[in-house]
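Within every chain, numbering begins at 1; the chains are lettered A, B, ... in the order of the sequence lines, protein sequences first and strands thereafter. Note that this is a predicted model, so its numbers are computed, not measured.
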There are 2 protein chains.
Amino acid sequence: MTAQPVASSRRDELLAIAAELFATKGFKNTTVRDIADSAGILSGSLYHHFDSKESMVDEILSTFQDELFGKYSEILAGSADPRAKLEAVVRVSFEAIDQHRNEVAIFQNEADYLGTFDRFAYLADRNQQSRDVWMTLLNEGVSSGALRKDLDIELVYRFIRDTVWVAVRWYRPGAKLSHHDIADQYLTILLDGITS
Amino acid sequence: MTAQPVASSRRDELLAIAAELFATKGFKNTTVRDIADSAGILSGSLYHHFDSKESMVDEILSTFQDELFGKYSEILAGSADPRAKLEAVVRVSFEAIDQHRNEVAIFQNEADYLGTFDRFAYLADRNQQSRDVWMTLLNEGVSSGALRKDLDIELVYRFIRDTVWVAVRWYRPGAKLSHHDIADQYLTILLDGITS
DNA sequence: TAGCCTACCAAGCAAGTGTTTGGTTTGTTA
DNA sequence: TAACAAACCAAACACTTGCTTGGTAGGCTA
């Protein structure tokens, strides 16, 4: 059973195969032999392209994170009002789920554990950076009067963060609702609630 | 480094130790030697109490699920209106996170993968059962006019389910906000939104 | 056509894994 | 005090794991 994802180089191809397996089965549950099998080669041959299994996740996660936080920065640097920026961050996140499903899933499932190793300390940094993005926007929203003042901001932050990213567990591209639709409905619930 | 959770029998004690490790490090990342070390015994001695490492998670998960779904059934069988029942299910769920943090975490992190094995087929059944609970309440809510009609019910269900359970990732008993507080704020956001 | 590079194979190793087996300790009960 | 069971030890086994090593096939280039 060999997979053939679209990728420029053989190296990228193997990374895509690994990402798919890591996302589906988990990092620890995926063996280098699993990856090699899916690629139609022997496990030892992977080491012509990569130093270790760990360096594969490393590259998958860091590449994705760099791209994502680049987009966050652009939004924050823009001139839109707090609420619009908040909406934009939500939409960019759902877009990431749509375009980088495996990477998001790996991050969601493995970051906590991998973060305990020195090599993946940057995951915690990015996490903090992400928190800063959201907290800044939420505090600005409350200050400007756009958001209600009776809620615990820290709690709202966690609520938004988790709800957005956990969607990767069920979202599949090409389904009835596009990631744009989902972002719309999610923002509606978040901003106005589900009561009539 | 030995742990000493409160438990009636040695068997329950060992299960609690295993649950803590499974929740923190993941099932696959936890070795039987890890469990034995935490309990202050040798790995082989675990097999006096359990058939296998798998049967440990099995027992942890099934016991927890039986208890949880018992509570769900009670609520559904009650005479409260849809909105009150919906609130009750949310509160019971946050209570479960408070009282059975490890079990919830294990379920959240491992159910998808474990569910691919015959032995854990009941996890998928419970999942379907849980969906029925929520969808019934949401549909009743829309019918009765309590909830808005312009949202995709299936989507609302997933959002609620995910946001409630994902709280296990950051919630710690004894923190500033109790699980009652969190349920309150969560229901406020869900029902009325965060805008002022 | 000689040299070189990319991608891979074939075979294996050392460490770690879940599990088994036979025996020992300790407390309780008849 | 003899018998018994629960809890555990000590040592090992078979297997899986990530990774290494030396070599090879085939295409490209000078």
Side-chain angles (χ1 to χ4, degrees), chain A residues 1-61 106 110 113-114 116-120, chain B residues 1-61 106 110 113-114 116-120:
Chain A
M1 192 165 48
T2 65
Q4 294 295 343
V6 195
S8 54
S9 69
R10 181 57 168 157
R11 181 188 169 83
D12 291 344
E13 206 167 283
L14 294 173
L15 269 187
I17 291 173
E20 172 88 34
L21 289 168
F22 290 157
T24 309
K25 307 178 52 175
F27 177 67
K28 192 81 178 190
N29 286 316
T30 302
T31 70
V32 292
R33 284 170 179 80
D34 288 336
I35 302 171
D37 283 352
S38 289
I41 60 178
L42 291 184
S43 66
S45 304
L46 286 173
Y47 292 80
H48 169 71
H49 301 274
F50 307 98
D51 285 343
S52 64
K53 180 186 165 188
E54 233 182 27
S55 74
M56 293 190 214
V57 232
D58 198 341
E59 192 165 333
I60 290 169
L61 286 178
I106 296 170
E110 319 285 348
Y113 181 66
L114 290 179
T116 62
F117 302 105
D118 287 351
R119 170 165 204 170
F120 295 95
Chain B
M1 192 164 48
T2 66
Q4 294 295 346
V6 195
S8 54
S9 69
R10 182 57 168 155
R11 182 188 168 83
D12 291 343
E13 208 168 281
L14 294 173
L15 269 186
I17 291 172
E20 172 87 34
L21 289 168
F22 290 158
T24 309
K25 307 177 53 175
F27 178 66
K28 192 81 178 191
N29 286 316
T30 303
T31 69
V32 290
R33 283 170 180 80
D34 288 336
I35 302 171
D37 283 351
S38 288
I41 60 177
L42 291 183
S43 66
S45 303
L46 286 173
Y47 292 81
H48 170 70
H49 302 274
F50 307 97
D51 286 343
S52 64
K53 179 186 166 188
E54 233 183 27
S55 75
M56 293 190 215
V57 233
D58 197 342
E59 194 166 332
I60 291 169
L61 287 178
I106 295 170
E110 320 284 348
Y113 180 65
L114 290 179
T116 61
F117 302 105
D118 287 349
R119 170 166 205 169
F120 295 96

Quiz item: Under the salt bridge (Lys or Arg N to Asp or Glu O under 4.0 Å) rule, what pairs show up with a residue in residues 43-58 of chain B, not counting sequence neighbours?
Solution: B:E54-B:R119, B:D58-B:R119
Quiz item: Any side-chain heavy-atom pair from B:I106 and B:L61 closer than 4.5 angstrom?
Solution: yes
Quiz item: To the nearest Å, how far apart are A:F50 CZ and C:dT6 P?
Solution: 15 Å
Exercise. Take the protein atom CZ of B:R11 and the nucleotide atom C1' of D:dA7, then report the distance between them rounded to whole Å.
Key: 14 Å
Quiz item: So how far off straight is the helix from C:dT1-D:dA30 to C:dA30-D:dT1, going by the axes through five pairs at either end, to 10°?
Solution: 0°
Quiz item: Does the side-chain contact (heavy atoms from CB on, under 4.5 Å) test come out yes or no for B:I41 and B:R10, once each step is laid out?
Solution: CA-CA 12 Å; B:I41 60 177; B:R10 182 57 168 155; 3.7 Å; yes
Self-check item: Residues in ring-ring contact (aromatic ring centres under 6.0 Å, His included) contact with B:Y113, at least two apart in sequence or another chain
Solution: B:F117
Self-check item: Least distance between heavy atoms, A:L114 atom then A:F120 atom
Solution: O-CB, 3.3 Å
Quiz item: Does B:Y47 make a side-chain N or O approach to OP1 or OP2 of C:dT20 shorter than 4.0 Å?
Solution: no
Practice problem: Not counting sequence neighbours, which residues clear side-chain contact (heavy atoms from CB on, under 4.5 Å) with B:E59? List them please. | Solution: B:R11, B:L15, B:F50, B:T63
Quiz item: Taking only residues at least two apart or on different chains, which pairs with a member in residues 29-48 of chain B satisfy ring pair (Phe, Tyr, Trp, His ring centres under 6.0 Å)?
Solution: none
Under 3.5 Å donor-acceptor pairs involving side-chain atoms of residues 18-25 of chain B, not counting sequence neighbours:
{"unit_1": "B:E20", "atom_1": "OE1", "unit_2": "B:N102", "atom_2": "ND2", "d": "3.4"}
{"unit_1": "B:T24", "atom_1": "OG1", "unit_2": "B:E20", "atom_2": "O", "d": "2.7"}
{"unit_1": "B:K25", "atom_1": "NZ", "unit_2": "B:D34", "atom_2": "OD2", "d": "3.0"}

Quiz item: Rounded to whole angstroms, how far apart are CD on A:E54 and P on D:dC19?
Solution: 8 Å
Quiz item: Between B:G26 and B:T30, which heavy-atom pair has the shortest distance, and what is it?
Solution: O-OG1, 2.7 Å
Quiz item: Reading nucleotides 8-17 of chain C from the 5' end, what letters show protein touch, with B for base, S for backbone sugar-phosphate only, - for no heavy atom under 4.0 Å?
Solution: BBB-B----B
Pairwise N/O distances under 3.5 Å, protein to nucleotides 24-28 of chain D:
none

